Each structure stands twice: as structure tokens, then as C-alpha cells.
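The structure appears below as C-alpha cells.
Just so we're on the same page: letters track the sequence lines, and every chain starts at 1. Not measured: the values here are computed from a predicted model.
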Protein chains: 2
Amino acid sequence: MKDSECAPLEKLLNQISGQWTMYILWTLDTNGVMRFGELRRKVDGISPKVLTQRLRMLEENGIIYRYYESTIPPQVSYELTERGKELSKPLYDLCELASRWYGDETKM
Amino acid sequence: MKDSECAPLEKLLNQISGQWTMYILWTLDTNGVMRFGELRRKVDGISPKVLTQRLRMLEENGIIYRYYESTIPPQVSYELTERGKELSKPLYDLCELASRWYGDETKM
DNA sequence: CGGTATCCGTGTTGATACTG
DNA sequence: CAGTATCAACACGGATACCG
């Protein structure tokens with residue numbers, strides 16, 4: 001494998017390595033379809049601005065879907081795409097490895 | 001898997017997701033033992049300060065070794081630890097996936 | 001409800017020059 | 001050779017207030 005070929009990986013890593021991103025992906029992976037407010041409560045402490053940023057980025061990169069219904073009040077739901085689900089497997093391996101190294105007691 | 005258990009993963013991701021970090025790991029994985037100057041030339045465009053930062057962080061987290069010889073001029077070499085090599089496997093999976101998604105034409 | 005706008009403090013990065 | 005020191009520029013996260 002040549003050096004240049006890890007550029008996509010770097011891009012992917014940059015996307016999922018933001019401070020809350022893992023929690024968001026995890027929460028969606030665990031709970032399936034979720035609404036903005038649910039996510040906001042589950043990913044405790046995140047500000048709406050940052051949550052929106054993360055969701056937009058994940059959406060733009062095809063990792064989550066965004067379902068918009070312009071009812072009153074509006075309803076917006078998020079869900080992992082196939083890519084998002086595909087991502088959870090290698091991420092699980094990394095997680096297993098990270099837990100072994102750093103232990104499960106690690107706090108962020 | 002519970003939410004809290006991805007904290008170590010987040011820590012690990014934060015460590016390897018810095019701008020140059022992947023290239024450094026890749027280069028070390030490919031070339032084996034390397035000296036500071038070699039790395040600096042190979043990871044083109046990186047400043048010595050940032051290269052040092054990355055190497056220190058990777059060293060502190062047990063991903064690379066640092067060999068120091070106080071000859072004149074001094075010789076410092078770096079190499080992946082067992083952890084570092086262990087890391088390359090799941091990372092390879094992610095890389096394969098990232099290349100498939102984003103293509104190999106991606107530039108950083 | 002599901003955001004956006006704004007401001008601000010902080011962390012990260014880069015360029016450059018210098019040192020043991 | 002292998003860094004460290006210094007400073008400036010910028011991106012980022014956090015809090016809050018407001019909007020359709």
C-alpha cells in the first residue's frame with residue numbers, strides 16, 4: 001500500500017473523530033431512528049450548534065440519513081445509512097482494541 | 001455495547017486522527033525503523049514542531065518506540081511498537097472501506 | 001421542535017529562527 | 001541531526017439568544 005492511499009482514511013478519520021461524533025454514531029447504531037431532540041438529550045452536554053454540525057457532516061458524507069417532515073412542529077429524524085452500519089464493524093474492532101489498551105474505566 | 005464503552009475508542013481516534021498522524025504511522029509501518037530526518041522528508045510539508053508533537057504523543061501512548069543515541073550528531077530513530085503494528089490491521093480495514101467510499105483519487 | 005446567529009475563549013497549526 | 005522557542009493565524013467548541 002502506497003502512502004497516498006491513506007488519504008481517504010485520513011478523511012474518514014477526520015470525520016468520525018470529532019469530540020461527540022462517536023457517541024452520535026453509537027447512539028444511532030443502538031437506537032435506530034432518532035429525532036434531533038432525542039439525540040440532544042442522549043448525547044448529554046452537546047450544544048445544538050455542534051450537534052447540527054456533526055449531523056450535517058455525517059449526512060454529507062453519506063453516513064446518516066436525514067428525514068425531514070415539515071409538520072408543525074417540524075419533525076426531523078436521523079438514521080444510519082448502509083455506510084454508517086458498515087462503519088460500525090471495523091469501528092467495533094478498534095473499540096475492542098482501545099478498551100483492551102486503555103481499559104473501560106477511561107473517562108473522556 | 002453501552003455508550004460509555006466507546007470512550008476508549010474516542011481517545012484512540014483522537015490520537016490517530018491528527019492531520020499528519022496517519023501518514024506517520026503509515027510511513028513507519030511501510031519503512032520500519034526511521035530517523036527523524038527521514039520521516040520529515042517522507043511526510044512532506046510537516047514542520048519539525050508538529051512532527052515532534054505527533055511523535056511524542058504516539059510515543060506516550062505506546063504506539064511507537066523512540067530510540068535515542070547521544071552520538072555527535074545525535075541519532076534518534078522511531079519504530080512501531082507491538083501496539084502500533086496491532087493498530088495497522090483494523091486501520092487497514094477502515095482504509096479499504098474509505099478508499100471504496102471516497103476513492104483513491106482523494107487528495108488531502 | 002429543530003434548528004441558526006453571534007460572540008468569545010481556547011486549542012491547534014504553521015513558519016521561522018535558533019540550539020546542544 | 002534532532003529538535004526547541006516564539007509568535008501569529010485560524011479553526012473549533014461552548015453558551016446563549018433568537019427564528020420559522
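Separating the CG atom of B:Leu39 from the C1' atom of D:dC1 is a distance of 13 Å, rounded to the nearest angstrom. Between the CG atom of B:Leu51 and the P atom of C:dT16 there is a distance of 17 Å, rounded to whole Å. To the nearest angstrom, C1' of C:dG3 lies 16 Å from CD of A:Glu38. Rounding to whole angstrom units, CD1 of residue A:Ile46 and P of C:dT4 are separated by 13 Å. In this structure, CZ of A:Phe36 is placed 6 Å from C1' of C:dG2, rounded to the nearest angstrom. Distance CD (B:Gln75) to P (D:dC1): 10 Å, rounded to an integer number of Å. Remark: P of C:dT13 and CZ of B:Arg56 are 16 Å apart, rounded to the nearest angstrom. Following rounding to the nearest Å, A:Arg41 (CZ) and C:dC1 (P) show an atom-to-atom distance of 7 Å.
Within the structure, salt bridge (charged side-chain N to carboxylate O under 4.0 Å, His left out) contacts touching residues 50-72 of chain B (residues at least two apart or in different chains) do not occur.
Annotation: the terminal axes of the helix from C:dC1-D:dG20 to C:dG20-D:dC1 meet at 50°, where each axis is the rotation carrying the C1' atoms of four end pairs onto the next four (5 pairs per end, rounded to 10°).
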Problem - Annotated protein contacts, base or backbone, on nucleotides 7-13 of chain D with a non-hydrogen cut-off under 4.0 Å, one of B, S, - each - result: ------B
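When atom types are taken as modelled, the side chain of A:Thr81 and the backbone of A:Gly62 share a donor-acceptor pair closer than 3.5 angstrom.
Counting any heavy atom pair closer than 4.0 Å across all strands shown, A:Arg40 reaches no nucleic acid atom.
Summarising the hydrophobic clusters (Ile, Leu, Val, Met, Phe, Trp, Tyr; side-chain heavy atoms under 4.5 Å, direct or chained), the residues clustered with B:Val33 are none.
Of all nucleotides listed (C:dG3, C:dA17, C:dC1), C:dC1 comes nearest to the side chain of A:Arg35.
For residues 62-74 of chain B, proximity to DNA chain D is found at B:Arg66, B:Pro73, B:Pro74, defined as any non-hydrogen atom under 4.0 angstrom from a strand atom.
Atom CH2 in B:Trp26 sits 7.5 Å away from atom OH in B:Tyr92 (nearest 0.5 Å). Rounding to the nearest 0.5 angstrom, the gap separating the CG atom in A:Leu51 from the CD1 atom in A:Ile46 is 4.5 Å. Here the SG atom belonging to A:Cys95 is positioned 6.5 Å from the CE atom belonging to A:Met22, to the nearest 0.5 angstrom.
Considering only residues two or more places apart in sequence or on other chains, B:Glu96 meets the side chain to side chain contact (heavy atoms under 4.5 Å, CB included) condition with B:Arg100. In this structure A:Gln15 satisfies the side chain to side chain contact (heavy atoms under 4.5 Å, CB included) test together with A:Lys11, A:Leu12, A:Met57, A:Asn61, A:Ile63, B:Tyr102, sequence neighbours excluded. Applying the side chain to side chain contact (heavy atoms under 4.5 Å, CB included) rule to A:Ser88 yields the partners A:Asp29; only residues at least two apart in sequence or on another chain are considered. When the side chain to side chain contact (heavy atoms under 4.5 Å, CB included) test is applied to A:Lys89, no partner is found at least two apart in sequence or on another chain. For B:Tyr65, there are no side-chain hydrogen bond (donor to acceptor under 3.5 Å, both in side chains) partners, not counting sequence neighbours.
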